[in-house]
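The block underneath contains the structure these notes are about, expressed in structure tokens.
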Amino acid sequence: AERHGRVRVASAPTLSSSLMPACLTYCKEHYPNITLLMNDQVQSRVLSVVHSGQVDFGLVVDPLDDEDLHLETVLEDPFYLACRQDHPLASSAQADWGSLARESLVLLDETSGSRPLINREFVRRGIDANVVQEVGHPTTVFRLVDAGMGVSVLPGLAWPAPQNSRIVRVPLNSEVRRRITLVRRRGRTLSPAAQAVWRMILQRFANWPEELAATA
């Protein structure tokens, strides 16, 4: 009886397209008295509306050190090399991060929650990255890679590549993963409806890493 009302969830683009549709459908089927509204924004904007209270909570890549937020991990998402079928690395069972030092890179820009993790790995490995294009959405990355602008590093949830593209996905030889988290303001009490949706998202994707690995 308490599970009714409107719940606003902000989410970053790759999560809006990969995880949230299943959440919206599940909520509609199992909680018909809850209206779940998705706010699709770049990660920096998601964190802003969570801090300001404009949404109940957010779904983002781990914002690292933000002491004003309460976080719970939903899943861990690995990174892959995206390259064309005619690229020398396309047939590799696994690609080395070090090989990216010799490549032209098309990457998500700094508004993405993934970019700081990619940058940190480049620094850790001493890679002087040759970034030729920075864009805001994975679809644009795929198009540029398919056009021959270079290769990319993309999280698993950004896939699949557009239909009829010449892009393949190659695992990277690293345990670097981006942690997908639910975030809300620390000390904020969620409404019963928002609590139900929060729990639903955690439960719905409890086995997602295994599902993702099965498609690699």
Side-chain angles (χ1 to χ4, degrees), residues 1-79 108-121 136-138 154-159 175-212:
E2 292 180 320
R3 293 173 177 171
H4 66 274
R6 299 165 73 89
V7 179
R8 293 176 172 81
V9 180
S11 57
T14 58
L15 309 181
S16 296
S17 61
S18 59
L19 301 184
M20 285 304 296
C23 295
L24 291 165
T25 300
Y26 188 94
C27 186
K28 183 177 180 179
E29 293 175 352
H30 293 82
Y31 302 115
N33 295 323
I34 294 178
T35 301
L36 177 55
L37 303 173
M38 181 178 70
N39 187 335
D40 180 27
Q41 301 279 357
V42 297
Q43 169 130 339
S44 58
R45 178 60 181 163
V46 171
L47 296 175
S48 176
V49 295
V50 169
H51 278 292
S52 67
Q54 296 176 54
V55 297
D56 292 285
F57 58 86
L59 182 65
V60 297
V61 180
D62 185 358
L64 302 176
D65 301 320
D66 192 328
E67 297 181 355
D68 294 329
L69 296 177
H70 170 77
L71 287 69
E72 284 192 54
T73 300
V74 177
L75 59 90
E76 292 187 347
D77 187 19
F79 286 100
L108 293 170
D109 62 26
E110 299 291 345
T111 63
S112 164
S114 297
R115 185 63 184 275
L117 300 176
I118 295 170
N119 288 347
R120 188 166 60 182
E121 187 66 6
H137 199 279
L154 286 171
L157 291 175
W159 299 80
E175 292 302 314
V176 178
R177 293 170 178 259
R178 62 175 196 166
R179 194 159 57 108
I180 308 304
T181 61
L182 289 172
V183 294
R184 67 173 186 262
R185 286 189 303 181
R186 189 171 296 279
R188 174 170 183 167
T189 301
L190 296 177
S191 68
Q195 288 176 349
V197 175
W198 179 288
R199 289 193 301 269
M200 177 266 289
I201 293 174
L202 290 173
Q203 294 165 2
R204 172 63 184 81
F205 299 107
N207 297 317
W208 189 268
E210 289 75 14
E211 296 173 18
L212 189 63

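The structure presented is a predicted model; accordingly, all values stated were derived computationally and were not measured. Because only heavy atoms are used, hydrogens play no part in the values below, and waters and symmetry mates are left out as well, while side chains stay in.
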Residues two or more places apart in sequence or in another chain: which of them pass side chain to side chain donor-acceptor pair (under 3.5 Å) with Gln195?
none
Go through the structure and list residues passing ring-ring contact (aromatic ring centres under 6.0 Å, His included) with His51, not counting sequence neighbours.
none
Interatomic spacing from [atom1] in [X] to [atom2] in [Y] - rounded to 0.5 Å:
X	Y	atom1	atom2	answer
Ser18	Trp159	OG	CH2	14.0 Å
Cys23	Met200	SG	CE	5.0 Å
Leu15	Leu75	CG	CG	8.0 Å
Arg199	Glu72	CZ	CD	10.5 Å
Met20	Cys27	CE	SG	8.5 Å
Gln43	Ser48	CD	OG	12.0 Å

Residues forming a salt bridge (charged side-chain N to carboxylate O under 4.0 Å, His left out) with Arg8, sequence neighbours excluded
none
Name all residues meeting the salt bridge (charged side-chain N to carboxylate O under 4.0 Å, His left out) criterion together with Arg185; count only those two or more places apart in sequence or in a different chain, and write none if there are none.
none
Using the side-chain contact (heavy atoms from CB on, under 4.5 Å) criterion, which residues pair with Thr73? Sequence neighbours excluded.
Arg179, Thr181
By side-chain contact (heavy atoms from CB on, under 4.5 Å), which residues pair with Gln54, not counting sequence neighbours?
Arg45, Val49, Ser52
If every non-hydrogen atom of [X] is compared with every non-hydrogen atom of [Y], which pair is closest and at what distance?
X	Y	answer
Pro21	Ser16	CD-O, 3.0 Å
Trp198	Leu190	CE3-CD1, 3.8 Å
Gly58	Val46	CA-CG1, 4.2 Å
Pro63	Leu71	CD-CD2, 3.5 Å

Is there side-chain contact between [X] and [Y], with at least one heavy-atom pair below 4.5 Å?
X	Y	result
Arg186	Asp68	no
Asp77	Val61	no
Asn39	Ser11	no
Val7	Phe57	yes
Ile34	Val197	yes
Asp40	Ser17	no

Counting only N and O atoms by type, is there a donor-acceptor contact under 3.5 Å from the side chain of Arg115 to the main-chain atoms of Leu108?
yes
Test item: Ser44 side-chain N/O and Thr111 main-chain N/O as donor-acceptor pair under 3.5 Å:
no
Any donor-acceptor pair under 3.5 Å linking the side-chain atoms of Thr14 with those of Arg178?
yes
One pair to check against side-chain contact (heavy atoms from CB on, under 4.5 Å): Leu59 and Met38. What are the steps and the verdict?
CA-CA 10 Å; Leu59 182 65; Met38 181 178 70; over 6 Å; no
Checking side-chain contact (heavy atoms from CB on, under 4.5 Å) for the pair Leu19/Leu157: CA distance, chi angles, key distance, verdict?
CA-CA 8 Å; Leu19 301 184; Leu157 291 175; 4.1 Å; yes
Before you tell me yes or no, could you show the steps for Asp56 and Arg188 under salt bridge (Lys or Arg N to Asp or Glu O under 4.0 Å), namely the whole-Å CA-CA distance, both residues' side-chain angles and the distance that decides it to 0.1 Å?
CA-CA 9 Å; Asp56 292 285; Arg188 174 170 183 167; 3.5 Å; yes
Are Leu182 and Ile201 close enough, and set up right, to give a side-chain contact (heavy atoms from CB on, under 4.5 Å), and what steps lead you there?
CA-CA 9 Å; Leu182 289 172; Ile201 293 174; 4.1 Å; yes
Give the C-alpha distance, both sets of side-chain angles, the deciding distance and a yes or no for side-chain contact (heavy atoms from CB on, under 4.5 Å) between Leu154 and Phe79.
CA-CA 6 Å; Leu154 286 171; Phe79 286 100; over 6 Å; no
